[in-house]
2 protein chains.
Amino acid sequence: MQKNNPSWPAGIKRTKQRESVISVLENSDSPLSAMEICRQAKTKNNSVWLSTVYRILELFVREGVVTRTDITNKDMAVYELNRHLHRHYAVCLRCKRVIEMNNCPFDNFVPSFSESGFHIFGHKIEIYGYCKDCEKLFFKGKES
Amino acid sequence: MQKNNPSWPAGIKRTKQRESVISVLENSDSPLSAMEICRQAKTKNNSVWLSTVYRILELFVREGVVTRTDITNKDMAVYELNRHLHRHYAVCLRCKRVIEMNNCPFDNFVPSFSESGFHIFGHKIEIYGYCKDCEKLFFKGKES
DNA sequence: ATTACTGCAAAGCATTTGCAGACTG
DNA sequence: CAGTCTGCAAATGCTTTGCAGTAAT
């Protein structure tokens, strides 16, 4: 997010730590944990403390610039830029790798409820299973 | 889960703590946290230590008898009996009421992944929004 | 200059782990 | 009676918080 980038939220002070966090997220095509963001920021010689990263993420989530996702069976939240894309992920039950889904089952779907009048704001979908690599191991395990 | 209940997983030793955990889950119509399960088990005069509850839940999840869910922005996992119903719910953001959905968006849907070879075992869907009653209040709030 | 932000340390809290004694099959 | 499970305590790991010094506007 460059200077003058209009998507920098209004009234939010620029600090090198905040720009650094945003920069890491901009250069990632998958959601990252706070720890990973901190590690990558340090690599770039931008020292950012982990607690600061959490504070910055909390701020940007509140501002709507970043989204936070809690993944089942993973004990860490992951964060990504809110690119206003509607996206869901699959998680490998073994290696916890997160794989992007390119479409959404709610497109062209009309939900039917047991009670009328529910106003949907959004949804969260989580797909679980085994990734290519872990499935091999999984079935190898079953064979023996 | 009574004695001789065929759904008790094969080869799993019966202990009063395990039966107690399952009993709490059987008598609940909503998913419970480990702490809540522990509390309810204690109420029934069945002393179960919290760490034991976690070990028991881990075992039953592995055996497929129980499912674990992490709820967004809640820092506790919740557990429920795996009733083998394929069902999704909508949760009201205000009153937390849970409303059943009668269909599933994954019927007749072919997911597309950014990486090939992911083997889907299942999915979880969380729909959020406002129920009929809370929506009225919500919009009343916005007007004033 | 004023107010907000960060470094750092330390606390919080759900969950996990280690170990010795208790219990199940 | 052998191996597993539990009580208990202590550790772990992610996340939050408190505080004093630092930086942004």
Side-chain angles (χ1 to χ4, degrees), chain A residues 1 3-5 8-24 31-42 44-63 65-80 91 96 98, chain B residues 1 3-5 8-24 31-42 44-63 65-79:
Chain A
M1 202 173 281
K3 294 262 174 194
N4 305 322
N5 185 320
W8 187 279
I12 298 301
K13 207 175 270 188
R14 280 173 186 278
T15 65
K16 66 178 193 308
Q17 293 86 344
R18 291 179 177 179
E19 293 188 327
S20 165
V21 164
I22 289 292
S23 155
V24 167
L32 304 174
S33 68
M35 224 152 29
E36 180 60 18
I37 292 166
C38 190
R39 205 187 54 71
Q40 290 192 25
K42 282 204 171 80
K44 298 181 178 190
N45 288 328
N46 295 319
S47 163
V48 192
W49 220 250
L50 183 54
S51 56
T52 303
V53 169
Y54 277 110
R55 275 190 278 230
I56 291 173
L57 289 170
E58 189 195 358
L59 168 71
F60 282 124
V61 166
R62 203 164 51 233
E63 294 294 326
V65 176
V66 167
T67 58
R68 170 189 164 150
T69 313
D70 296 276
I71 303 223
T72 304
N73 299 331
K74 239 195 153 182
D75 43 4
M76 282 189 300
V78 290
Y79 300 83
E80 65 190 314
V91 186
K96 313 295 179 199
V98 172
Chain B
M1 202 174 280
K3 295 261 176 195
N4 307 320
N5 185 320
W8 187 278
I12 298 302
K13 209 175 269 189
R14 277 172 188 278
T15 66
K16 67 177 191 309
Q17 292 86 344
R18 290 178 179 182
E19 294 189 326
S20 166
V21 164
I22 290 292
S23 155
V24 167
L32 303 174
S33 68
M35 224 154 28
E36 180 60 17
I37 292 165
C38 190
R39 205 187 55 71
Q40 289 193 23
K42 281 202 171 82
K44 298 182 176 190
N45 287 328
N46 295 319
S47 163
V48 191
W49 220 249
L50 184 54
S51 56
T52 303
V53 169
Y54 277 111
R55 276 190 279 232
I56 291 173
L57 288 170
E58 189 194 358
L59 168 71
F60 282 123
V61 167
R62 203 162 54 234
E63 294 293 326
V65 176
V66 167
T67 58
R68 170 188 163 151
T69 311
D70 295 274
I71 305 243
T72 306
N73 299 330
K74 245 196 144 181
D75 45 2
M76 281 188 302
V78 290
Y79 301 84

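Note on naming: letters A, B, ... go to the chains in the order of the sequence lines (proteins, then strands), and numbering restarts at 1 for each one.
A sub-4.0 Å separation between OP1 or OP2 of dA24(D) and a side-chain N or O of T15(A) is absent. Under 4.0 angstrom from either OP1 or OP2 of dT16(D) there lies no side-chain N or O belonging to Y54(A). The shortest distance between the side-chain N/O atoms of Q17(A) and the OP1/OP2 oxygens of dG7(C) is below 4.0 Å. At dC5(C), one or more side-chain N or O atoms of R18(A) fall inside 4.0 Å of OP1 or OP2 (strictly under the cut-off).
The distance from atom NZ of K42(A) to atom C1' of dT6(C) is 12 Å, rounded to the nearest whole Å. Atom pair K16(A):NZ and dT25(D):P shows a separation of 13 Å (rounding to whole Å applied). Per the geometry, CZ belonging to R55(B) stands 15 Å off C1' belonging to dA14(C), to the nearest Å. In this structure, CD of E63(B) is placed 10 Å from P of dC5(D), rounded to the nearest angstrom. As rounded to whole Å, 16 Å separates atom C1' of dT17(D) from atom CH2 of W49(A). Going from atom CZ of R14(B) over to atom P of dT6(D) covers 13 Å, rounded to whole Å. One interatomic measurement links the two molecules: CG of L50(A) to P of dG12(C), which rounds to 18 Å at whole-angstrom precision. Counting to the nearest Å, the P atom of dT6(C) and the CD atom of E58(A) are 12 Å from each other.
Using a cut-off of 4.0 Å between Lys/Arg side-chain N and Asp/Glu carboxylate O, R39(B) and E36(B) are scored as salt-bridged.
Side-chain contact of S20(B) with K44(B): a donor-acceptor pair under 3.5 Å is absent, judged by distance alone.
Summarising the geometry, atom CZ belonging to R62(A) is positioned 13.0 Å from atom CZ belonging to R68(A); distances are rounded to the nearest 0.5 Å.
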**Request:** Could you go through the ring-ring contact (aromatic ring centres under 6.0 Å, His included) check for F60(A) and W8(A) one step at a time?
**Result:** CA-CA 10 Å; F60(A) 282 124; W8(A) 187 279; 5.6 Å; yes

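Taking the nucleotide of DNA chain D with the nearest heavy atom to each of I56(B) and Y79(A), the more 5' of the two is matched to I56(B). Where S51(B) and I12(B) each meet DNA chain C at their nearest nucleotide, the meeting point lying more 5' is that of S51(B).
In this structure, of dT6(C), dC5(D), dT6(D), it is dC5(D) that holds the atom nearest to the side chain of K13(B). Distances from the side chain of M35(B) to the nucleotides dC8(C), dA14(C), dG7(C) place dA14(C) closest. Checking dG7(C), dT15(D), dT15(C) against every side-chain atom of A34(B), the shortest atom distance belongs to dT15(C). For T52(B), taking side-chain heavy atoms from C-beta onward, the closest of the listed nucleotides dT15(D), dG7(D), dT15(C) is dG7(D).
Within a 6.0 Å radius of NZ in K42(A), other residues, nucleotides and ligands contribute more than 12 heavy atoms.
Across all strands shown, S33(B) has no heavy atoms under 4.0 Å from either base or sugar-phosphate atoms.
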